[in-house]
Amino acid sequence: MQIHRVRGRDLADALSRARKLHGESALVLTHERMPDGATTVAVGLASAKMPEKQDLASLPDVERVLRRTGCSDELIASTVERVAGTGARGAYAFDAAARLLGESVTIAPSPKLSKNVARPLVLAFVGAAGVGKTTTLAKLAVRLTRAGRRVGLVTLDAQRPGASALLASIAAPLQASLDIASNASELARVIDRSRSRDAVLVDTSGAPASDVLALRELAAVFEAERRADAMTTYLVLAATAGRTAMGEMVHAFADVRPRGAVITKLDETRAPATALEFSTRAQLPLAFLCDGRELGAHLHRPEVERIADLFLRGRLA
Ligand SMILES: Nc1nc2c(ncn2[C@@H]2O[C@H](COP(=O)(O)OP(=O)(O)OP(=O)(O)O)[C@@H](O)[C@H]2O)c(=O)[nH]1
Ligand SMILES: [Mg+2]
């Protein structure tokens with residue numbers, strides 16, 4: 001007798017899938033509730049009936065889709081193997097792949113704003129020039145303001161003409177404060193003055209050397225005041241960049257110890273898997289996903305379904 005395991009949302013779903021895959025003659029041996037709430041049934045096939053040939057064709061389909069969205073050979077091989085192991089075939093193979101892939105990326109906790117803390121939440125965005133740091137910060141400012149939070153913006157990009165004008169145009173309609181800091185002590189002072197704000201979002205210049213210097217000094221100021229957790233830094237990566245470029249940025253900004261990553265420009269590629277896999281390998285849990293320029297619309301939390309969509313469809317739904 002051959003034993004196959006089939007997973008479903010609940011017992012009825014698992015049984016219906018088992019029947020579809022192995023026919024009415026399949027003998028249900030056991031069922032087991034999984035830690036994630038799903039149910040797995042073990043079915044014995046007296047006639048050693050294998051899944052239909054056409055059903056097995058779904059596994060090369062999963063492989064082809066994953067190749068198209070930029071998955072590495074390793075992730076493709078492990079996903080196909082694990083999908084095969086679930087016994088899922090046909091459309092169910094894609095369901096199984098979605099579940100596995102959605103959970104393959106580490107997700108950063110949502111930044112928490114506490115009403116009881118006297119200091120604002122400080123989030124800084126670093127990354128290569130042009131990856132979308134300012135745009136991401138603006139999107140987050142819009143979201144927080146819509147949620148009734150008071151936001152302060154501060155830029156370390158004091159040198160570049162136009163950089164603060166751009167931030168000013170973002171700050172004004174949101175009634176957000178805007179400050180320019182040219183070094184760490186100015187930045188620390190701005191943050192100290194921002195006690196009435198729920199969040200202070202720090203924009204940087206995209207020049208790793210000066211950004212790292214300023215943020216490292218700021219971290220030292222915070223640490224001296226025992227405020228080591230006072231700032232969270234995110235590394236912003238464009239989904240259009242290759243692994244090498246992303247690796248260089250991880251290296252360049254390692255000293256500021258980014259706590260997570262933001263992936264931008266997901267609308268500009270059909271192969272977002274490279275960036276998704278990269279962030280997890282670089283131990284940068286994903287904090288946000290961005291798929292366009294619209295400030296009010298194109299910022300998303302990386303939920304499991306969204307990650308699965310990116311791996312399997314190449315874009316967010
Ligand atoms: N298509 C698309 N464009 C984006 C996205 N995020 C940002 N952009 C665009 O990318 C360009 C650069 O964005 P910025 O936010 O200025 O990037 P930055 O990292 O602040 O750039 P520097 O300050 O010059 O280092 C702008 O034209 C943005 O509109 C995104 O998710 N999708
Ligand atoms: Mg910028």
Side-chain angles (χ1 to χ4, degrees), residues 69-70 122-144 151-174 176 178-182 187 190 200-215 233-242 245-246 248-253 256 258 260-276 278-279 284 286-303 306-307 309-310 313-317:
T69 60
V122 183
L123 303 178
F125 297 85
V126 298
V131 286
K133 299 179 291 297
T134 307
T135 309
T136 301
L137 170 148
K139 287 171 181 169
L140 197 55
V142 168
R143 173 162 307 182
L144 290 167
V151 175
L153 306 184
V154 44
T155 180
L156 274 169
D157 200 358
Q159 306 299 324
R160 198 167 32 155
S164 51
L166 174 63
L167 273 184
S169 71
I170 295 163
L174 302 178
L178 172 61
D179 290 276
I180 299 171
S182 43
L187 186 52
V190 169
V200 172
L201 308 181
V202 182
D203 198 14
T204 60
S205 72
S210 61
D211 289 343
V212 167
L213 186 67
L215 293 179
T233 302
Y234 295 120
L235 180 64
V236 183
L237 300 167
T240 46
M246 289 191 276
E248 281 167 5
M249 287 304 118
V250 166
H251 185 66
F253 288 102
V256 301
V262 175
I263 300 184
T264 60
K265 308 201 183 186
L266 286 162
D267 54 315
E268 290 191 353
T269 176
R270 284 293 167 264
T274 307
L276 294 174
F278 180 88
S279 67
L284 288 170
L286 268 191
F288 296 103
L289 302 170
C290 299
D291 64 341
R293 293 160 195 248
E294 241 181 88
L295 302 190
H298 293 139
L299 177 80
H300 313 278
R301 279 284 296 159
E303 279 146 18
R306 292 198 171 111
I307 304 280
D309 271 345
L310 287 169
R313 294 153 51 100
R315 60 193 161 84
L316 293 169

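Counting starts at 1 for both ligands and their atoms, in listed order.
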Enquirer: Can you tell me which residue and heavy atom of the protein come closest to atom 26 (C) of ligand 1, and the distance to 0.1 Å?
Expert: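 Closest protein heavy atom to atom 26 (C) of ligand 1: Arg293 NH1, 4.2 Å.
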Enquirer: Looking only at protein heavy atoms, identify the closest one to atom 23 (O) of ligand 1 and say how far it is in Å.
Expert: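 The answer is Arg160 NH2, 2.7 Å.
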Enquirer: Can you confirm whether Thr155 sits close enough to Leu137 that some side-chain heavy atom of one is under 4.5 Å from a side-chain heavy atom of the other?
Expert: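 Thr155 vs Leu137: side chains apart.
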Enquirer: Under the criterion side-chain contact (heavy atoms from CB on, under 4.5 Å), I'd like the reasoning laid out for Leu289 against Leu310: C-alpha separation, chi angles, the key distance, then a yes or no.
Expert: CA-CA 10 Å; Leu289 302 170; Leu310 287 169; 4.0 Å; yes
Enquirer: Which is it for Thr135 and ligand 1 at heavy atoms under 4.0 Å: side chain, backbone, both or neither?
Expert: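 Under 4.0 Å from ligand 1, Thr135 contributes backbone and side-chain atoms.
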Enquirer: Please identify which atoms of ligand 1 are closer than 4.0 Å to at least one heavy atom of Gly292.
Expert: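 Matching atoms, with element in brackets: 5 (C), 30 (C), 31 (O), 32 (N).
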Enquirer: When you compare the side chain of Leu167 with that of Asp157, does any pair of heavy atoms fall below 4.5 Å?
Expert: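 Sidechains of Leu167 and Asp157: no contact.
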Enquirer: Tell me, which protein residue and heavy-atom name are nearest atom 17 (O) of ligand 1, and how many Å apart are they?
Expert: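 Its nearest protein heavy-atom neighbour is Gly132 N, 3.0 Å.
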Enquirer: Ligand 1 versus Glu294, non-hydrogen atoms closer than 4.0 Å: side chain, backbone, both, neither?
Expert: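 Answer for Glu294: neither.
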Enquirer: At under 4.0 Å between heavy atoms, is it the side chain or the backbone of Ala138 that contacts ligand 1, or both, or neither?
Expert: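 Neither part.
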Enquirer: Any N or O of Asp267 that comes nearer than 3.5 Å to an N or O of ligand 1?
Expert: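 Yes, Asp267 has an N/O under 3.5 Å of an N/O on ligand 1.
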Enquirer: How far is atom 11 (C) of ligand 1 from its nearest protein heavy atom, and which residue and atom name does that atom have?
Expert: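 Among all protein heavy atoms, the one nearest atom 11 (C) of ligand 1 is Lys265 NZ, 4.0 Å.
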Enquirer: Is there side-chain contact between Leu316 and His300, with at least one heavy-atom pair below 4.5 Å?
Expert: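 Yes, at least one pair of side-chain atoms sits under 4.5 Å.
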Enquirer: I'd like to know whether ligand 1 has Glu268 as a neighbour, heavy-atom separation below 4.0 Å.
Expert: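 Right, Glu268 reaches ligand 1.
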Enquirer: Give me the protein N, O or S atoms that fall under 2.8 Å of the Mg ion (ligand 2), sorted by chain and residue number.
Expert: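 As for protein N, O or S atoms lying under 2.8 Å from the Mg ion (ligand 2), they are Thr134 OG1.
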Enquirer: Report, in ascending order of atom number, the atoms of ligand 1 lying under 4.0 Å from any heavy atom of Lys139.
Expert: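 Those atoms are 31 (O).
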Enquirer: Which ligand 1 atoms does Ala129 reach within 4.0 Å, using its non-hydrogen atoms?
Expert: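 Result: 25 (O).
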Enquirer: Are the side chain of Thr269 and the backbone of Leu266 linked by a donor-acceptor contact shorter than 3.5 Å?
Expert: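 No, Thr269 side chain to Leu266 backbone: no donor-acceptor pair under 3.5 Å.
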Enquirer: Do Lys133 and Thr204 make a side-chain contact, defined as non-hydrogen atoms from C-beta onward lying under 4.5 Å apart?
Expert: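 They are in contact (side-chain heavy atoms under 4.5 Å apart), so the answer is yes.
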Enquirer: Using the side chain to side chain donor-acceptor pair (under 3.5 Å) criterion, which residues pair with Ser169? Sequence neighbours excluded.
Expert: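 With neighbours one apart ignored, the set is empty.
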Enquirer: Has Gly127 got any heavy atom lying under 4.0 angstrom from an atom of ligand 1?
Expert: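 No heavy atom of Gly127 comes that close to ligand 1.
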Enquirer: Starting from atom 12 (C) of ligand 1, locate the nearest protein heavy atom and write down its residue, its atom name and how far away it is, to 0.1 Å.
Expert: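 The closest heavy atom on the protein side is Gly130 O, 3.6 Å.
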